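Structure, as structure tokens:
Keep in mind that the numbers below use all heavy atoms, side chains included, and drop hydrogens, waters and symmetry copies. Just so it is clear, the model here is predicted, and its values are computed rather than measured. In what follows, every chain begins at residue 1, and chains take the letters A, B, ... in the order their sequences are listed.
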Amino acid sequence: MSELHFYNSYTRQKEKFEPLTPGYAGLYVCGPTVSGESHLGHARPYITFDVVQRYLKHLGYKVRYVRNITDAGHFEEEGREAIDKVGEKAKLEKLEPMEMVHKYTSLFHYGMRLFNNDEPSIEPTATGHIIEQITMIETIIDKGYAYEVNGSVYFDVKKYAEKYPYGKLSGRILDDLLETTRELDGQDEKRNKVDFALWKKAPAEHIQHWNSPWGEGFPGWHIECSAMSSKYLGETFDIHGGGMDLLFPHHESEIAQSTIVHGHPPVRYWMHNNMITINGKKMGKSYNNVIKLSELFSGNHPILEQPYHPMVVRFYILQTHYRSTLDFSNEALQASEKAFRRLWEAYEILQKITHPGNADAANAELDKQVTNWCNEFEEFMNDDFNTAKVIANMFELAPVINGIKGGQVAANAISAGTFELLKRTFKTYLEEILGMQPLAAQQSGSKLDSVLSLLIEIRKDAKKRKDFATSDQIRNKLAEAGVMLKDEKDGSVSYTIE
RNA sequence: GGUCGGAUGGCCGAGUGGCUAGGCUCAGCUCUGCAAAAGCUGCUACAGCGGUUCGAAUCCGCUUUCGACCUCCA
């Protein structure tokens, strides 16, 4: 029996997972900035860490999964100005931050539900934790690692680096960073270019601002995660996850802030998922190459050849290891759709077929192989959450299942015990751990079902009379309407609805 | 420019010192009134050049090339 190991970005190696408190696991994942609609790239971390969270629960841990909503900062929405430069617009014409934040938060939650992601245990908002953030900043100032200039507060990275390993997580070298020639906002206020903002003074016309010891302003980007993670998971917690693009400066800054406030690093295991690319380039708003989730699901985007079901997208993402880049293409999504349909069908067949009950396997070799494939599921997940390999094994098992149904494999080939193992393991991993659901709910017993049963009966009669014109017409017309009929080996007929 | 990470069969993608995943596509076969589905079979790849080794896609070096981060970013 193996134990859970996964790659820790901080130490750059796979490590055995040992929670801080036995039996409990704390997980923090950087959530969305709700100033715009989520796109395909955003789907990856939330699906990845949903599976992480599901697997931890499967292993018996009580999991507290915290994923924040970033709803504070310097916001703009397309077509509407965040800063009211004119200053004369009517109230309802101006961008109301709360309105925008509410809209995109709802949209985000909708997407998460379609992906069948479990809800986090706590989903704290940045605006709901302004006081916690201010308190942290005050502590950092008191300890001498931050300074105020003109109503803004900056973290003194150079001083921090004298005592602590700044740059360890992201592989940065401070001297290199000091030579950066980038022009950034507020650069002249900082003691060093590498310093980052803890609190930013808000210009009078800025839409979001709060009162603070340093005047009206808003919190820096990094401090919210430090404040909320420590509040809900403790000064030290188990796992912090997010996209690789957050390694620097976001997560590096989180470590620095928390280390000063609490006297030690905040996180034991850092996990980072890789990016989704399109034509080899990262999907991101700065590249102008995003496919929003609503576009993906509706197919309403120039490069999409068809709509893609959320479960197809989830499957496509889980077919690749989370630390590899994943390149988007219609071809790849379509391959995933076909593969998933086939796999799910085999899974449904498995739940329906019965086993003759023989305690000994007629085909010892196959029996052993099936047992092995099933047992490997856990082994693969324990090795850095290798969902790709889990799925590969499911496809090894699918022909066995289909073969039993189709008669190519004898029903007694595997033992009753192995059959039960197969049935149980498949369900656990496909539904509970990978979190997959059927593309369309079958509605047996519904009115449509009665109608289809009637048509199927008529077609059966026609076939008996060798009236193939009629039987084929029924089949073809139903296919046009999106109902696929399938003549089974035993003479029965089943259908699937597109 | 600095740091880091990739280059795998027609396509997507695991893997990692010997046993050469998996999916999709394609071809053939079985079953079938026909079709679909399903099953079976075939397609043997690891950017290039050196090196280490009995043995390398897997380790080391160099080259070519792509990308990520260094700025908001999942």
Problem set entry | Options B:C24, B:C69, B:G67, nucleotide nearest the side-chain atoms of A:Ala335 | B:C24
Exercise. From the list B:C69, B:A14, B:C24, which nucleotide is the closest neighbour of the side chain of A:Ala339?
Worked result: B:C24
Exercise. Between A:Tyr46 and A:Arg67, is there a cation-pi geometry (under 6.0 Å to ring centre, at most 45° from the normal)?
Worked result: yes
Exercise. Pick one: which of A:Asn386, A:Asp384, A:Thr387 meets side-chain hydrogen bond (donor to acceptor under 3.5 Å, both in side chains) with A:Tyr322?
Worked result: A:Asp384
Exercise. Does A:Asn393 have a side-chain nitrogen or oxygen under 4.0 Å from the phosphate oxygens OP1 or OP2 of B:A21?
Worked result: no
Exercise. What integer number of Å spans the C1' atoms of B:U8 and B:G1?
Worked result: 31 Å
Exercise. Out of B:C72, B:C24, B:A74, which nucleotide sits closest to the side chain of A:Ser286?
Worked result: B:C72
Exercise. With respect to the side chain of A:Phe395, which nucleotide from B:A14, B:C70, B:G22 is positioned closest?
Worked result: B:G22
Exercise. What nucleotide, of B:G23, B:C70, B:A74, holds the atom closest to the side chain of A:Asp245?
Worked result: B:A74
Exercise. So which of A:Met311, A:Met436, A:Glu431 actually passes side-chain contact (heavy atoms from CB on, under 4.5 Å) with A:Asn116?
Worked result: A:Met311
Problem set entry | Annotated protein contacts, base or backbone, on nucleotides 33-43 of chain B with a non-hydrogen cut-off under 4.0 Å, one of B, S, - each | BBBBSBSS---
Problem set entry | From B:A74, B:C69, B:U25, nucleotide with atom closest to A:Lys338 side chain | B:U25
Exercise. Under the side-chain contact (heavy atoms from CB on, under 4.5 Å) criterion, do A:Phe6 and A:Asp383 qualify, and how do the steps go?
Worked result: CA-CA 6 Å; A:Phe6 57 85; A:Asp383 185 11; over 6 Å; no
Problem set entry | Interatomic distance at C1', B:A47 relative to B:C66, whole Å | 11 Å
For this session: Would you mind telling me which of B:A14, B:C69, B:C24 lies closest to the side-chain atoms of A:Thr320?
Result: B:A14
Exercise. So which nucleotide from B:A14, B:A21, B:C12 ends up closest to the side chain of A:Ala332?
Worked result: B:C12
For this session: Taking only the side-chain heavy atoms of A:His321 (C-beta and beyond), determine which of B:A14, B:C4, B:A74 contains the nearest atom.
Result: B:A14
For this session: Over 60° means perpendicular and under 30° means parallel, so classify the ring planes of A:His39 and A:His42, tilted if in between.
Result: tilted
Problem set entry | Geometric cation-pi criterion, A:Arg172 with A:Tyr166: 6.0 Å, 45° | no
